[in-house]
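Here's the structure we're looking at; comments come further down.
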Number of protein chains: 2
Amino acid sequence: MQRRTVNRTLRFPDRPHPRRAGENRRWEGVKRAAVRLADVAAQAQVSLATASRVLNSQGGYTGRPALRERVLAAAAELGYEPNFHAQALASATSTTIGLVLHDIRDAYFALMAGAIVRTAEAHGLFVTIVCTYRDPSQELKYVKLLRAQRPRAIIMAGSGFINRSAFEPIETELTRFEETGGVVVSVVGDRGVGHRIVLENESGSRELAHTLADLGHTRFAVATGPARLTTARDRLKGFRLGLQDRGLELPKGSVHHVDMTREGGLRLAELIAAQPERPTCVFAAFDVVAAGLIAGLQQNGVDVPGEVSVAGFGDIPLAAQITPALSTVSVPLELIGQQAVELAMVEDSSIRRSISIDGTVVMRASTAPVPARVAAHDG
Amino acid sequence: MQRRTVNRTLRFPDRPHPRRAGENRRWEGVKRAAVRLADVAAQAQVSLATASRVLNSQGGYTGRPALRERVLAAAAELGYEPNFHAQALASATSTTIGLVLHDIRDAYFALMAGAIVRTAEAHGLFVTIVCTYRDPSQELKYVKLLRAQRPRAIIMAGSGFINRSAFEPIETELTRFEETGGVVVSVVGDRGVGHRIVLENESGSRELAHTLADLGHTRFAVATGPARLTTARDRLKGFRLGLQDRGLELPKGSVHHVDMTREGGLRLAELIAAQPERPTCVFAAFDVVAAGLIAGLQQNGVDVPGEVSVAGFGDIPLAAQITPALSTVSVPLELIGQQAVELAMVEDSSIRRSISIDGTVVMRASTAPVPARVAAHDG
DNA sequence: CTGAAAGCGCTTACAG
DNA sequence: CTGAAAGCGCTTACAG
């Protein structure tokens, strides 16, 4: 198929070579300089100010209609698109939101990011996404770079780090950003800065523990994430509390800190499958891990939920699609994303807002009452 | 938990109220103006130029070490972060890549975006993501807005539209962007503009058709996407050609244009389950649809692959995780994302580059040889 | 090597 | 209502 050729007949501004200093505009090859507001104004035979007013006050221009028409026509003919950076610099406003998250490839973050991008679009804002891969030094680096972009807001998504000292320089950056009029929103993990959307991890996994205990299980194991993440800690803590509420506890050696990936679950499954006295129920603090766990147990000939029940946390789309479908704590990611942007839009930053979001226990096929013989064996 | 209080003891520039005109800097409330290079230069007692040189030529500064130290110290103390917009305006360079895709919540795009964000980061570039939800008018709107950002490159990801007229205004925008030195990369769908990464949809589904035909299937159906998308068209076309290669053809009424979602697959499953003479093999041009199809067939009591084999296209992570695991055409999304950014980095835009990417047929458990009784019934 | 100054492309008080 | 001009915060040729 032949590539289409470019229409080069349009009248483009035929400016002479720019002035001595500041020779920044590229004229190499066929490249032409981008159309400027000045070019539009010249073609429309109006002043810069008028051109700017016509183009910016959409519909609300109160001047002579003739001028308005000329400006609009010139802009359309020249294919004018304002220089965002010049606008931002001159008006000290920004239409960008910076989004800092752990890993966009993770469905959990992809969904949250999707909601944030969509809500932002509805407000006429752009989202610049950076991924930190759960590395505080990367997080610091990107927050700094993002700050240079002078976004309207920076949304920090995902779990925070337990080690406050690692976060201190990041906090300093965010505080500076706030002091200069930026909005900081901390989503789903408290960071001690800015507005917060708090996901009630603890109460979510606590309630899940109740539900599982009420199925008759007494021997539990937990797969949680790296110990340095607050989310991993809180979900574990809530689960432990929930068991305590039922007079149960997690035996020593039953808490496993694994990679927050499918592979983490697969590896743990081998370990559990090989145990002489297996738990009858495993709680994985992250759905991806739970999915790996189920697959791994099955591969090792362990029936889920016949021999071992598995529950997760997050309710990513995958949860409902695997076999058996995963019992989990559902997190309203869409809502969280929306709320995050709404907080980012709040003008008055003198008040820190905090929104609490609850998870919902959703029971599916991956959990079942404790197997009779195990219960008997136990008793 | 008590929120931490902010350290307000740092020495910040104590500038007087700015000049008459251009009063843009906000001083409301506790807000202070952002630290400028001029503030750093003043504190370090050097000129603006020197401060700029020290901060920009990392390590390569050849001037007096004393000056360098003073500038660095001042920048650190004041928490200076350069104004990205001023830099972009003054130097006519940009560190941003614009990414236009259909829907970030779709795993296919999330993976591609992940690879693009990661590769861009390695090159010191930011990615701004916009989603069009497969609406050409949205696409036009966002390409325009993106152009205002003066990014280094715009990556258009996902299928193109068959209707060229809908794409014409978008093409005009992209062409103008290119003419002013921007790089356009069209990923996985030809758009007649810029560099291209071409996914060989046709040959991929053709090869899949061969493989399925060789399992003995003769009665096929196809679930493809909206007729206006080139990807939907090409995958269907390739599959049809592949069947032809084996002397087979798609019966009338066996091609279904469905939503490219799980729901699209679920709905189609009901229809197929109710057919008096079902196909023995269904090809869904998108994995999410295939997954919905399998779940839907199972819900309607149809055994997969015992009664009906199902194959997809894409090999998103979900494919390997459902039961039965999905046979599909694997697309190297990570590689595609990487290559897209590499193309975006190419300085010389006089040559259009085109990279061809092949899919790989991966057979899993969702497809099986045609059931014996069906074969007999057929013969 | 260092600094004074022009320029990047806009917006917006200030005059007329 | 409209325009001339200053200013946003940088970079970078040009002089010294």
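Reminder, nothing fancy here: chain letters follow the sequence lines and each chain counts from 1.
Between the CG atom of L89(A) and the C1' atom of dG7(C) there is a distance of 12 Å, given to the nearest Å. To the nearest angstrom, P of dC1(C) lies 14 Å from CZ of R68(B). The distance from atom CG of N56(A) to atom P of dG9(C) is 17 Å, rounded to the nearest whole Å. Between H85(B) atom NE2 and dG9(C) atom P the separation is 16 Å, expressed in whole Å. The separation between R147(B) atom CZ and dC10(C) atom P is 11 Å, rounded to whole Å. Distance, L48(B) CG to dT12(D) P: 13 Å, rounded to whole Å.
The side chain of R36(A) lies closest to dC10(C), out of dT11(D), dT12(D), dC10(C). Distance from the side chain of Q87(A) is smallest to dC10(C) among dG9(C), dC10(C), dC10(D). The side chain of N83(B) approaches dC10(D) more closely than any other nucleotide in the set dG3(D), dG3(C), dC10(D). Taking the side chain of A49(B) as heavy atoms from C-beta on, and the options dT12(C), dG3(C), dG9(D), the nearest nucleotide is dG3(C). For L37(B), the side-chain atoms get nearest to dT11(D) when compared with the rest of dT11(D), dT2(D), dG9(C). Between dT2(C), dG9(D), dC10(C), one nucleotide has an atom nearer to the side chain of R53(B) than all others, and that is dT2(C).
Note on T50(B): only backbone sugar-phosphate atoms sit closer than 4.0 angstrom, heavy atoms only; bases stay farther off. Y80(A) comes within contact range of the sugar-phosphate backbone alone, with a heavy-atom separation under 4.0 Å but no base atom that close.
For A115(A) against Q338(A), the heavy-atom pair with the smallest separation is CB-N, 4.3 Å. Heavy-atom minimum distance, A344(B) versus A153(B): CB-CB, 3.6 Å.
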Dot-bracket, 5' to 3', for DNA chain C please: Watson-Crick or G-U pairs under 3.5 Å, [ ] where pairs cross earlier ones, | where the partner sits on another strand, dots elsewhere. |||.||||||||.|||
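Taking the centre and axis of the six-membered ring of Y142(B), the NZ or CZ atom of R147(B) falls outside the cone set by 45° and 6.0 Å. For the pair R118(B) and Y133(A), the distance from NZ or CZ to the six-membered ring centre is under 6.0 Å and the angle to the ring normal is within 45 degrees.
Each of T93(A), N56(A), T95(A) was checked for a side chain to side chain contact (heavy atoms under 4.5 Å, CB included) with Q87(A), and the lone residue meeting it is N56(A). Shown are I170(B), L146(B), I129(B); of these, the side chain to side chain contact (heavy atoms under 4.5 Å, CB included) with V100(B) is made only by L146(B).
Contact check, S47(B) against dA4(C): no side-chain N or O comes under 4.0 Å of OP1 or OP2. The side chain of S52(B) contributes no N or O atom lying less than 4.0 Å from OP1 or OP2 of dC10(D).
With the nearest nucleotide of DNA chain D identified for both R64(A) and E81(B), R64(A) has the one nearer the 5' end. Projected onto DNA chain C by closest heavy-atom contact, A86(A) and Q45(B) fall at different nucleotides, the more 5' of which corresponds to Q45(B).
Between the side chain of R150(B) and the base of dG9(C) there is no donor-acceptor pair of N/O atoms closer than 3.5 Å.
Residue R352(A) holds its CZ atom at 4.0 Å from CD of E178(A), rounded to the nearest 0.5 Å.
Contact of the H195(A) side chain with the V346(A) side chain is registered, since non-hydrogen atoms from C-beta on lie closer than 4.5 Å.
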